[in-house]
Protein chains: 2
Amino acid sequence: MTSGKTGGAGVGGTGQPKDPKAPQTLYRKVAADLRDAIAAGAYGSGARLPAEGALAERYEVSRGTIRQALALLRADGLVTSRRGTRRVVLSDTRVQSFAELTSFARWARSIGEEPGGRTIAVVREPGRPLECEQLRLESEAYVYRVLRLRTLSGRPVMVERAVYPEWVGELVERFPREADSHSTLLEGHGVLFTDADHTIDLAPADTEDAVLLECGVGDALLRERRRSTDSTGTPVEWSDDRYLPGTVAFTVHNSTASTALSRRTSQ
Amino acid sequence: MTSGKTGGAGVGGTGQPKDPKAPQTLYRKVAADLRDAIAAGAYGSGARLPAEGALAERYEVSRGTIRQALALLRADGLVTSRRGTRRVVLSDTRVQSFAELTSFARWARSIGEEPGGRTIAVVREPGRPLECEQLRLESEAYVYRVLRLRTLSGRPVMVERAVYPEWVGELVERFPREADSHSTLLEGHGVLFTDADHTIDLAPADTEDAVLLECGVGDALLRERRRSTDSTGTPVEWSDDRYLPGTVAFTVHNSTASTALSRRTSQ
DNA sequence: GAGTGGTCTAGACCACCCT
DNA sequence: GGGTGGTCTAGACCACTCC
């Protein structure tokens with residue numbers, strides 16, 4: 001909320017990490033500016049935002065553009081939206097970008113930890129039925145299966161079992177064993193994740209998990225299974241990540257306006 | 001995709017459960033119609049949707065309205081969106097409505113199970129610091145604490161510990177002990193949930209959990225902590241739900257366009 | 001009744017994908 | 001180069017909230 005002049009360079013400050021490749025549009029700049037203002041305490045939790053018309057004047061854009069910006073904040077759970085009343089600030093918590101969510105390494109750095117990754121095994125073999133279905137390959141198609149141990153400041157935290165279709169696996173196979181971020185390396189080869197489906201539940205540690213995470217066989221782990229796709233909708237990765245208890249939690253915001261979360265019976 | 005005439009009554013069929021109170025706007029009808037078409041197989045997984053302009057003609061609405069409808073499908077993870085190409089159908093899975101997610105009972109019915117709820121205890125006492133903060137009350141404010149056991153077809157599945165501010169707790173206190181859906185009863189009193197924040201992790205069963213769920217003390221449970229607010233942004237409920245392993249999983253969809261999910265270090 | 005956000009329209013220009 | 005979705009504008013009307 002510093003300047004308001006749209007041509008100015010001051011808009012879109014430091015609060016929210018920019019997604020690489022996110023185009024710098026007007027409404028994104030306005031959104032970033034409002035996010036910064038909220039984070040800076042200009043509008044505390046429970047405060048009311050200026051009216052759309054007032055914001056449109058201040059930023060010298062149309063009301064439609066302001067509404068696009070506010071829709072972003074709404075989706076992040078930062079503000080409410082209801083007819084007849086000005087928007088109310090719900091939370092001043094910082095929100096993670098998609099990139100931080102998809103990449104363990106980027107996430108770790110964003111919270112001030114030192115990420116590590118050690119590749120234990122890479123094999124190429126025919127995919128199992130579930131894997132082929134998730135990657136939308138014909139059954140028995142060859143896939144690359146990659147087992148990695150992820151650490152935070154040297155401490156083992158998570159076992160990652162990723163499965164890739166051949167065209168991606170051929171790239172991953174050549175990555176260094178100690179690379180801390182496969183997704184950054186994949187980006188360098190033009191492979192960009194844009195969508196992901198996550199399933200979160202609980203799974204008992206098998207003997208491999210137990211050895212790597214230094215826990216007991218059968219101990220419960222927090223499991224996140226994730227299917228990521230690129231912008232064409234092509235599945236790029238199917239992963240089974242198992243976290244030691246007490247290391248991470250997942251948070252989701254949703255509303256009547258956007259329902260990204262759902263509850264399912266296991267299997 | 002049956003008629004396309006906007007005035008027609010045939011739009012907005014049977015596929016997606018309607019949220020109670022969701023206004024029947026043009027774009028919602030179009031979205032519902034497209035969802036039905038996808039679920040009915042008119043556009044299989046991987047197929048391309050008609051162009052926005054074509055849809056605008058078919059439904060006799062402006063392109064803006066079509067785009068609003070498609071934004072709903074995008075948020076649900078049903079279709080992709082990228083410049084230069086027609087939208088691609090990602091999945092033909094049915095998506096849960098916000099109401100089904102917020103209410104255990106409604107969710108259970110939507111998957112064909114018989115929900116049950118038994119209230120074990122209701123107490124009124126000063127809130128703990130975390131509770132007051134979550135409900136945005138001054139510290140030491142009185143709250144109602146409600147302990148319930150939730151069942152699916154008679155089988156114990158989840159222990160729910162909900163905390164309410166006084167104005168809500170006074171209502172809940174009078175609900176029947178065997179009521180299967182508190183949220184439906186609250187709606188009857190004009191209390192509507194519109195936003196929720198969820199934190200999902202793992203917690204060991206305490207003695208109370210163990211007795212109610214018939215498991216061992218210390219066994220790992222899947223925990224969902226949830227803060228729900230009404231349309232004014234006022235916190236209405238703060239709940240700690242613990243599921244037996246193997247009974248449920250949570251799924252989330254997100255994308256570069258909307259990032260509702262995040263990963264955090266545990267407390 | 002004034003103020004506010006929700007919905008809808010019509011049109012414009014541009015960036016990008018594909019052939 | 002034609003088709004497509006992304007962005008932006010300007011204006012209109014309505015439903016709702018609050019004083």
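The chains referred to below are lettered A, B, ... by the order of the sequence lines, with proteins before strands, and numbering in each begins at 1.
Looking at residues two or more places apart in sequence or on another chain, you find no ring-ring contact (aromatic ring centres under 6.0 Å, His included) involving B:Trp238. Scanning for side-chain contact (heavy atoms from CB on, under 4.5 Å) contacts around B:Pro50 gives B:Tyr43, B:Ala54, B:Leu55, B:Arg58, with sequence neighbours left out. Checked against side-chain hydrogen bond (donor to acceptor under 3.5 Å, both in side chains), A:Asp241 has the following partners two or more places apart in sequence or in another chain: A:Arg226, A:Ser239. For A:Tyr164, the ring-ring contact (aromatic ring centres under 6.0 Å, His included) criterion is met by no residue, not counting sequence neighbours. Judged as a ring-ring contact (aromatic ring centres under 6.0 Å, His included), and not counting sequence neighbours, B:His253 has no contacts.
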Tabulate protein N/O versus nucleotide N/O from nucleotides 2-8 of chain C, keeping only pairs under 3.5 Å, one per line.
{"from": "C:dG3", "atom 1": "N2", "to": "A:Gly84", "atom 2": "O", "distance (Å)": "3.3"}
{"from": "C:dT4", "atom 1": "OP1", "to": "A:Arg86", "atom 2": "NH1", "distance (Å)": "2.6"}
{"from": "C:dT4", "atom 1": "O2", "to": "A:Gly84", "atom 2": "N", "distance (Å)": "3.4"}
{"from": "C:dG5", "atom 1": "OP2", "to": "A:Glu52", "atom 2": "N", "distance (Å)": "2.8"}
{"from": "C:dG5", "atom 1": "N2", "to": "A:Arg83", "atom 2": "NH1", "distance (Å)": "3.4"}
{"from": "C:dG6", "atom 1": "OP2", "to": "A:Arg67", "atom 2": "NH1", "distance (Å)": "2.8"}
{"from": "C:dG6", "atom 1": "OP2", "to": "A:Arg67", "atom 2": "NH2", "distance (Å)": "3.4"}
{"from": "C:dG6", "atom 1": "OP2", "to": "A:Arg87", "atom 2": "NH2", "distance (Å)": "3.0"}
{"from": "C:dG6", "atom 1": "N7", "to": "A:Arg63", "atom 2": "NH2", "distance (Å)": "2.7"}
{"from": "C:dG6", "atom 1": "O6", "to": "A:Arg63", "atom 2": "NH1", "distance (Å)": "3.2"}
{"from": "C:dT7", "atom 1": "OP1", "to": "B:Tyr27", "atom 2": "OH", "distance (Å)": "3.1"}
{"from": "C:dT7", "atom 1": "OP1", "to": "B:Arg28", "atom 2": "NH2", "distance (Å)": "2.8"}
{"from": "C:dT7", "atom 1": "OP2", "to": "B:Tyr27", "atom 2": "OH", "distance (Å)": "3.0"}
{"from": "C:dC8", "atom 1": "OP1", "to": "B:Leu26", "atom 2": "N", "distance (Å)": "2.5"}
{"from": "C:dC8", "atom 1": "OP2", "to": "B:Tyr27", "atom 2": "N", "distance (Å)": "3.2"}

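For the pair B:Leu192 CG and D:dT17 P, the interatomic distance rounds to 11 Å; values are reported in whole Å.
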